[in-house]
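Everything below concerns the one structure shown next.
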Protein chains: 2
Amino acid sequence: MTTTAGDSITVSRRELNKAATREAIAAAALELLRANGMNGFTADDVANAAGVSRRTFFNYFSSPEAAIASFTQKYLDTVIEQLLLRPQDEPLLESAQHALTAVAPSDLATLAETFALTQGDAQLSRFQLEAWDNCSSQIIATIGSRLAVREGEGSSGMDVNGELYLHALVQSVIACGRAAVEVWFRRHGEDISPASLARLRELLVSAIGHLRDGFHS
Amino acid sequence: MTTTAGDSITVSRRELNKAATREAIAAAALELLRANGMNGFTADDVANAAGVSRRTFFNYFSSPEAAIASFTQKYLDTVIEQLLLRPQDEPLLESAQHALTAVAPSDLATLAETFALTQGDAQLSRFQLEAWDNCSSQIIATIGSRLAVREGEGSSGMDVNGELYLHALVQSVIACGRAAVEVWFRRHGEDISPASLARLRELLVSAIGHLRDGFHS
DNA sequence: GCTCATGTTGCACTCGGTGCAACTTGTGCA
DNA sequence: TGCACAAGTTGCACCGAGTGCAACATGAGC
């Protein structure tokens, strides 16, 4: 199988293989979760279903829960990506509204489905929380370094109140994102239809809207 | 050891024993965490240090991480307690400022210390996140049922937008709480002195303050 | 002091998670 | 094209988390 000329840019064969294996494992885990629930399968099962050894499974994911949470990670990674594409002078809360909703429908559907499937399993819930929190940290780090550059080189970083402002703001945004998904789930349950997902998008925007006006009921 | 007459109200001997054992286990876990770091001890070690069997340890905590996170739980439980003592017509954000800071200094110190010790261990971090999230859920449930009662018996619950408002608000409050602790740690590291803790209290109030004015920098 | 409920313990077992050493596969270069 | 090295996979052995179960100990109620 020679290298098909064309769109392959800097992606070596190895990287492609790794990405494919990773996706195969995650997909197998999701399949098993759908069919058996979180306590209905083991890391062995996932490895077999994905056609790799148990040891290789753990080379890619630190646990079965991590494999499932990777879907949430993926969604949030594209949110970050979208966020960084917004104009830097746009208010952050506005950027957030766009970024949270500017994702492929399939990604949003998977986010919603895995969120639904997560209910009832404590350890998986923790991994989901971790994914949202990692997203916060990444955004804070990115914006923080942006501001540090803009502020000039003399000052060592930011003042405490600015740092608090940034952390509180970003974490609140993420909290509102989670709240929206939560409320959506409480109303629509497992319904992943386009109409239902459109409702989720609305909720995401509304939640940030509440945040913007300081929750003045 | 006969029952010392006096302040013992409805607390049976069994309950006292259980509470004492639970505290002993949690204290032993914290001690080992301080001395060896999270990967430096096992559930066995904690059990031995607390004078119980390994099996009993797991009767009280689902994992070593859960034992440590119980300190955060305790802090957040008293926050909830304080929150419910506030007048019901007080704005929630104001109540939150009081509740987050109206705790015993020792509890705040332990919260801060365990937060510091948590850095660097992924699984323990997840348990801490879970503790904060459980706090959100409890507050949402409590306030939700309050409002349901006040709204009258005819309507089945709350409208979607009200529910979103409640979830987003409470989760943002908790997010600001975490943000304050995080920023405090980035500045004060392991410093648990009263002065440092006073600074933490200020940060908690400021963070909610930012939230109240919609982060209009 | 007897009885029952509640809590503790040891045992055995499953599964998550990891270091290690052998092996296979892709990459770069002559 | 083939050779040598790097990177990835696998099996193996091991440790520790977590749980069901059955025997035992302890406090509650009478």
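Here is the naming used below: chain letters follow the sequence lines, and residue numbers restart at 1 for every chain.
Take the nearest nucleotide of DNA chain D for A/V52 and for B/S63: the residue whose nucleotide is more 5' is A/V52.
Residues B/D133 and A/R178 are paired through a salt bridge, judged by an N-O separation under 4.0 Å between the basic side chain and the carboxylate. A salt bridge between B/R34 and B/E31 is present, with a side-chain N of the basic residue lying under 4.0 Å from a carboxylate O of the acidic one. Taking 4.0 Å as the cut-off between side-chain N and carboxylate O, A/R187 and B/E163 count as a salt-bridged pair.
Taking atom CD1 of B/I25 as the reference point, atom C1' of C/dT9 lies 13 Å away to the nearest angstrom.
In terms of heavy-atom proximity, A/S63 sits nearest to A/F58 at CA-CE2, 4.2 Å.
Residue B/F61 is classed as having no contact, given no heavy-atom separation below 4.0 Å to the nucleic acid. Across all strands, A/N17 comes closer than 4.0 Å only to sugar-phosphate atoms, never to a base (heavy-atom distances).
A donor-acceptor contact under 3.5 angstrom links the side-chain atoms of B/R14 to the base of D/dG27. A donor-acceptor contact under 3.5 Å links the side chain of B/R55 to the base of D/dG20. Scanning atom types as modelled, no donor and acceptor separated by under 3.5 angstrom connect the side chain of A/R13 and the base of D/dG8.
Taking only side-chain nitrogens and oxygens, A/Y60 comes nearer than 4.0 Å to OP1 or OP2 of D/dT9.
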